[in-house]
Amino acid sequence: LGDEMKSDKARTKKQKRLMKQAARDAVFAKVEAASKIEDPLAFFPLFKKYDRNGLNLQIECKRVLSLNSKCGYEWKQDTEKMEQFKDERAFYLLAYDANSTPVAFCLFRFSVDYGNEVIYCYELQLERQVQRKGLGKFLMQILQLIANRTEMRKVIVPVFRQNTGAYRFFREALQFDIDVYSPSTFSTYGNSSIHEILSRQTKFGEAVGLACYGDPCYCCD
Ligand SMILES: CC(=O)SCCNC(=O)CCNC(=O)[C@H](O)C(C)(C)COP(=O)(O)OP(=O)(O)OC[C@H]1O[C@@H](n2cnc3c(N)ncnc32)[C@H](O)[C@@H]1OP(=O)(O)O
């Protein structure tokens, strides 16, 4: 009987391990599939235009590798950014003005973060002249839509604490939470970390209601 119990226990343990592995594989498969979508913005053609508050912009979603070297942002000098730039799974949302000049970009990637399928937004940058006209909110709304469509659990953004404008934008205007894996939630870092990881759950995230962005609300429909 002792031996039988032991082998039962071993079987259950193995089953649990296999189930965990299958769940993990499913998360990676979902992220892999989303990463292969040629143009995630194609699902939302209405969002290819931003025509509000005196701006009239075209919005495109492109794979980072498909961009040519014309895009002359200063951050391209930055080595770490350059690595992100070269990542074949990364995408840009780009906003162009009437002269086809890029005036804003959002760099993101589908990713697995602590076992969760997420959209990781590395960077959101708007030229000064297009700031405070709702465009940042609109681009993040697009990310949230894409995240819902691809069944990701949340949208994540790292924000430097000293960037109070961006912090307020994400925390107050867009209702991002401090992510459970943000450095400030670990006692070793406490409040000394220079950045905070913020996140906003999708409808596939854990039991947090969707606070809508805009009026009209595009994310709940
Ligand atoms: C992951 C990261 O990349 S973090 C770094 C973010 N990027 C930067 O800091 C670069 C410079 N700034 C920018 O590119 C932009 O200003 C962003 C991305 C911070 C915000 O985008 P914008 O289009 O300017 O903001 P938007 O007009 O959508 O603002 C919506 C609301 O957010 C809040 N908000 C936006 N910017 C600020 C700010 N600087 N200070 C305080 N609140 C702000 C306001 O409540 C605003 O509503 P209101 O204008 O009616 O008061």
Side-chain angles (χ1 to χ4, degrees), residues 41 44 46-62 64 67 71-85 87 89-97 101-111 113 118-147 152 154-184 193-202 210-219:
L41 188 55
F44 311 105
L46 286 178
F47 284 75
K48 292 192 168 189
K49 223 172 157 39
Y50 186 78
D51 190 3
R52 290 182 204 167
N53 301 328
L55 297 178
N56 192 348
L57 308 171
Q58 296 296 326
I59 309 218
E60 288 183 8
C61 187
K62 291 186 174 170
V64 164
L67 282 185
C71 197
Y73 283 101
E74 272 173 35
W75 48 265
K76 276 179 70 184
Q77 311 302 324
D78 183 311
T79 330
E80 195 184 327
K81 296 274 156 46
M82 204 55 198
E83 284 313 306
Q84 291 164 7
F85 180 78
D87 190 325
R89 288 168 300 176
F91 291 89
Y92 273 115
L93 275 178
L94 286 155
Y96 296 93
D97 67 13
T101 305
V103 291
F105 74 90
C106 171
L107 175 64
F108 72 96
R109 213 177 88 172
F110 298 98
S111 184
D113 185 77
V118 303
I119 281 187
Y120 207 103
C121 169
Y122 292 97
E123 199 80 30
L124 173 65
Q125 295 276 343
L126 278 63
E127 296 280 2
R128 191 169 292 278
Q129 74 273 17
V130 298
Q131 289 179 13
R132 294 308 278 268
K133 294 181 176 179
L135 178 62
K137 199 167 172 177
F138 189 75
L139 294 175
M140 290 309 296
Q141 198 175 353
I142 292 176
L143 276 203
Q144 197 77 23
L145 282 170
I146 294 173
M152 299 292 116
K154 51 189 175 182
V155 175
I156 297 185
V157 290
V159 181
F160 285 110
R161 280 165 172 273
Q162 66 186 32
N163 190 348
T164 48
Y167 196 84
R168 291 186 64 183
F169 167 75
F170 283 110
R171 287 285 283 142
E172 291 169 25
L174 271 56
Q175 297 173 15
F176 271 62
D177 299 309
I178 293 176
D179 191 73
V180 283
Y181 300 109
S182 188
S184 69
S193 168
I194 57 164
H195 74 285
E196 196 81 78
I197 306 293
L198 304 179
S199 65
R200 191 168 186 275
Q201 307 226 351
T202 66
L210 249 185
C212 307
Y213 283 166
D215 181 24
C217 168
Y218 299 98
C219 39

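Numbering starts at 1 and runs along the sequence shown. When reading the values below, keep in mind they use all heavy atoms of this one structure, side chains included, and skip hydrogens, waters and symmetry mates. Atoms within a ligand are numbered from 1 in the order they appear, just like the ligands themselves. Quick caveat: nothing in here was measured; it's all calculated off a predicted structure.
The ligand atoms of ligand 1 that sit less than 4.0 angstrom from a heavy atom of Ala173 are 31 (C), 32 (O), 33 (C), 45 (O). Ligand-side atoms of ligand 1 in range of Glu123: 3 (O), range being under 4.0 angstrom from any heavy atom. Each of the following atoms of ligand 1 lies closer than 4.0 Å to a heavy atom of Asn163: 5 (C), 8 (C), 9 (O). For ligand 1, the atoms closer than 4.0 angstrom to any heavy atom of Lys133 are 27 (O). Shown in contact with Pro158 at under 4.0 Å from a heavy atom are these atoms of ligand 1, numbered in order with element: 1 (C), 2 (C), 4 (S). Contact atoms of ligand 1 toward Lys137: 28 (O) (distance under 4.0 Å to a heavy atom of the residue).
The nearest non-hydrogen atom to atom 40 (N) of ligand 1, considering only Cys106, Ala166, Gly165, comes from Gly165. Scanning Glu127, Arg128, Arg132 for the heavy atom closest to atom 51 (O) of ligand 1 points to Arg132. Counting heavy atoms only, Leu124 comes closest to atom 6 (C) of ligand 1 of the residues Leu174, Thr164, Val130, Leu124.
In this structure the side chain of Val157 never reaches within 4.5 angstrom of the side chain of Leu124, judged on heavy atoms. Counting heavy atoms from C-beta outward, Phe44 and Ile146 have side chains that approach closer than 4.5 Å.
The protein heavy atom nearest to atom 13 (C) of ligand 1 is Gln131 NE2, 3.7 Å.
A centroid separation of 6.0 Å or more is found between the aromatic rings of Phe176 and Phe169.
Rounding to the nearest 0.5 Å gives a distance of 13.5 Å between NE2 of His195 and CG of Asn163. Of the inter-residue distances, the one linking Leu143 atom CG with Thr202 atom OG1 reads 12.0 Å to the nearest 0.5 angstrom.
Tested against Phe108 for a side chain to side chain contact (heavy atoms under 4.5 Å, CB included), the candidates Phe91, Tyr92, Tyr122, Tyr120 yield a single pass: Phe91.
Applying the ring-ring contact (aromatic ring centres under 6.0 Å, His included) criterion to Tyr181, with sequence neighbours excluded, gives Tyr114. The side chain to side chain contact (heavy atoms under 4.5 Å, CB included) check on Arg132 picks up nothing, with sequence neighbours excluded.
Protein heavy atoms are absent from the space less than 4.0 angstrom from atom 17 (C) of ligand 1.
For Asp179 and Lys154, the salt-bridge test passes: some basic side-chain N is under 4.0 Å from an acidic carboxylate O.
Residue Gly136 has at least one N or O atom closer than 3.5 Å to an N or O atom of ligand 1. At least one N or O atom of Gly134 sits closer than 3.5 Å to an N or O atom of ligand 1. Residue Leu126 has at least one nitrogen or oxygen atom sitting less than 3.5 Å from a nitrogen or oxygen atom of ligand 1, judged on distance alone.
Within the structure, the closest approach of Gln125 to ligand 1 falls below 4.0 Å when heavy atoms are considered.
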Quick one: do Asn56 and Lys49 satisfy side chain to side chain contact (heavy atoms under 4.5 Å, CB included)? Show the steps, please. CA-CA 7 Å; Asn56 192 348; Lys49 223 172 157 39; 3.8 Å; yes
